[in-house]
2 protein chains.
Amino acid sequence: MAVTLTDVANALGLSASTVSRALSMPEKVNAQTRERIQQTVHQMGYVPNQVARSLTSGRMDTLAIIVPDIANPFFPPIIKAVQARAARRGMTVLLSDVDEHAVDEIDRARNLAKRVDGLIMVSPRTASAHLAGLRDIPNIVFVNREVEGASFVLIDDGDGMVQAVEHLHALGHRNIAYLNGPKRSWSNALRQSAIESACARLGMTLSEFGPFEAQIQAGARAADLVYASAVTAVIAYDDLIALGVMARLTERGLRIGRDMSVIGVDDSPMSGMAYPTLTSVHVPGAEAGVAAVDIILEQLSTPGKHEPQIVELETHLIVRSSTSVPHPRDGSVAV
Amino acid sequence: MAVTLTDVANALGLSASTVSRALSMPEKVNAQTRERIQQTVHQMGYVPNQVARSLTSGRMDTLAIIVPDIANPFFPPIIKAVQARAARRGMTVLLSDVDEHAVDEIDRARNLAKRVDGLIMVSPRTASAHLAGLRDIPNIVFVNREVEGASFVLIDDGDGMVQAVEHLHALGHRNIAYLNGPKRSWSNALRQSAIESACARLGMTLSEFGPFEAQIQAGARAADLVYASAVTAVIAYDDLIALGVMARLTERGLRIGRDMSVIGVDDSPMSGMAYPTLTSVHVPGAEAGVAAVDIILEQLSTPGKHEPQIVELETHLIVRSSTSVPHPRDGSVAV
DNA sequence: CTACGGAAGGCAAGCGCTTGTCGCAATGTG
DNA sequence: CACATTGCGACAAGCGCTTGCCTTCCGTAG
């Protein structure tokens, strides 16, 4: 059915190996011959059979990326960046959404590992011990997780969180809340502790709520807790929760940015489009994805054992209109 | 390195073919032998090499789905559904985001077609003529596109749109707007004409704006046009645009649901969480994805030529709080 | 007792491509 | 002019698995 390498070779009176080489190591073949081959290839419509190629070469020309939830707007930019970067090197990307089931993640990773040349894990929830078990997978890169002995791209949430707290402090807030993200979230642990120490340093009172799932709905729930407390500003684990808080608080009659300041994390596209626009900590997800791909491509192109690569990226606060000077509600808690 | 079929066969003093059969056609092998084989397989940690298997069998055990933009909340549920359904049959899913570049879509499809057993195209933008060119790809299924001679899953937007118009009419609106989606969007054409005829039938005045990209930002732009017009309600091409409209209109001082009714399409998770919650036409994306997978699996399991399969799904309006009785702004246009 | 049919498993031929090795001609060197 | 070098391609051996066909063996029927 399909045209094979051999067909092309026969048509030209050459051997398959020559044609093969003309395509994959052009410099090893005479320029004229190469020219003839390319023409014939074109004209016969020959397309290499990836599978056969992989069988012998061991290369799959495919990368996989595992994310917890593509519905969370934080991930699509990463995925797109990874796809774009990989495509430039002729690689296909296999995406796997584990639907926040951390348990499946390890299996999924092992499974995909056999079908790809490299694996990018974006797994904020999974226990470190489990992830560490994947270290032996060749060309695996963890995004936003520190895994000893493996390559990883770290996004330092600390900076951004400190900036967020300082921003609120500068505006005059003294009593703020942090809405914790999912229970086992590694990012949450980082964010939480950065906020705690910043608050302590600046002498601010910090209340904590949660954990909450990284979903808008959870934010709505969080909002009522915030409403009942005496804080004048709240930092949410991520934009989704922040957005949920804003919606619910607005519904209950507070004006965001006036009666209550809200800060999200991720700087997702939504944050600029909510009303009011959401002050958020920019997390360079796309850059992290690109860095991960680059690590893999680099390793792929250099044979032998590889030293784990580590890349660190920074976060910073983007101030929009959901934060302003505190404007305490009269007396205390209203209905 | 890895344990191969032959290794297992040797360890047992059997031939590779027997072991192979024991694994893929268990009934063709003696129960006892099968038992022994399974034990050894387990104990040696043998895992079939997918690539080698694919080379001979032609099966890839992989499905691909091509979507225009995973950042659009309409798609993740489809993708998740497809992944889940495929996983139940032991199939992996390859996801491709073409970033709204309709042109790449055809290439991408051709490319992926060779690496998978089936292809699901969710391509609202691409010209029908182009899509039709992909008809020859075996086991291709189009979602939300009618492509003659191919299998497709159609989501009948008409019903939902008519319900939306009737809903507004019942509330007392007589002067409404439709915000067109992307220029070449097939869905948009359907939605638009359904609305036009419903409005005509009910004697309502319809203004149209757009085309707009399916992004929140575009909705903000649309909002200003809406603001300047005399309509009391607006139906947007999708939730994203509707959300953008709501945000911007709120910013300009209108109260959504009172000064302006807004209806979206897709019933994405966001619509229930915006403030106010967004009345939206529910589009069964996940169901469509599942249907598409089922068509493919069905065809995969029956050899030979296949009749194109057609599945039709319906849409319906979900009323929330962004729509209410009209409440015309004083006089005409304010600043 | 021979013949035949079916079940179980072995044999071997690939699937389409890559790649190490080798032959051969053309070129360069002393 | 004999020799070593180099560049181009051909040969052939697989990669790990599937599958059509064949052999062997046993049970049953004629």
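A note on names: the letters A, B, ... follow the listed sequences, proteins ahead of strands, and every chain is numbered from 1.
Taking five base pairs at each end of the helix from dC1(C)-dG30(D) to dG30(C)-dC1(D), the local helix axes there meet at an angle of 50°, rounded to 10°.
Nucleotide dC17(D) holds its P atom 9 Å from the CG atom of Leu55(A), rounded to whole Å. Met25(B) has its CE atom 13 Å from the C1' atom of dC21(D), to the nearest Å. When rounded to the nearest whole Å, the span between CZ of Arg115(B) and C1' of dC17(C) equals 15 Å. Atom-to-atom, CD of Gln50(B) to C1' of dC15(C) comes out at 15 Å; the value is rounded to the nearest Å. If you take CG of Asn49(B) and C1' of dC15(D), they are 8 Å apart, rounded to a whole angstrom. Rounded to a whole Å, the CD atom of Glu35(A) is 17 Å from the C1' atom of dC8(D). Between the CZ atom of Arg53(A) and the P atom of dG14(D) there is a distance of 22 Å, rounded to whole Å. The interatomic distance linking Asp7(A) (CG) with dC17(C) (C1') rounds to 13 Å, in whole Å.
Note on Thr4(A): only backbone sugar-phosphate atoms sit closer than 4.0 angstrom, heavy atoms only; bases stay farther off.
One distance of note links CG of Leu297(B) with CZ of Arg85(B); it measures 8.0 Å at 0.5 Å rounding.
Between Met60(B) and Leu94(B), every side-chain heavy-atom pair lies at or beyond the 4.5 Å cut-off.
The two atoms that bring Ala286(B) and Ala81(B) nearest to each other are O-CB, 3.6 Å, heavy atoms only. Contact between Ala109(B) and Ile137(B) at its shortest, heavy atoms only, is O-CD1, 4.2 Å. For the pair Val143(B) and Ile120(B), the tightest heavy-atom approach, listed with the atom from each and the gap, is CG2-CG2, 3.7 Å.
In this model, the phosphate group of dT19(C) is approached by a side-chain N or O of Arg59(A) to a distance below 4.0 Å at OP1 or OP2.
Shown here is Lys28(B), whose NZ atom has no more than 12 heavy atoms of other residues, nucleotides or ligands within 6.0 Å.
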Please report the C-alpha distance between Asp294(B) and Arg89(B) in whole Å, then the side-chain angles of each, then the deciding distance to 0.1 Å, and finally whether the salt bridge (charged side-chain N to carboxylate O under 4.0 Å, His left out) criterion is met. CA-CA 10 Å; Asp294(B) 287 347; Arg89(B) 294 296 217 293; 5.3 Å; no
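For the side chain to side chain contact (heavy atoms under 4.5 Å, CB included) criterion with Val8(B), the lone passing option out of Leu14(B), Thr18(B), Val3(B) is Val3(B).
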Can you build the contact string for nucleotides 5-10 of chain C? Use B for base contact, S for sugar-phosphate-only contact, and - for no protein heavy atom under 4.0 Å. ---SSB
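The existence of a salt bridge linking Asp97(B) and Arg108(B) is excluded, since no basic side-chain nitrogen approaches an acidic carboxylate oxygen closer than 4.0 Å.
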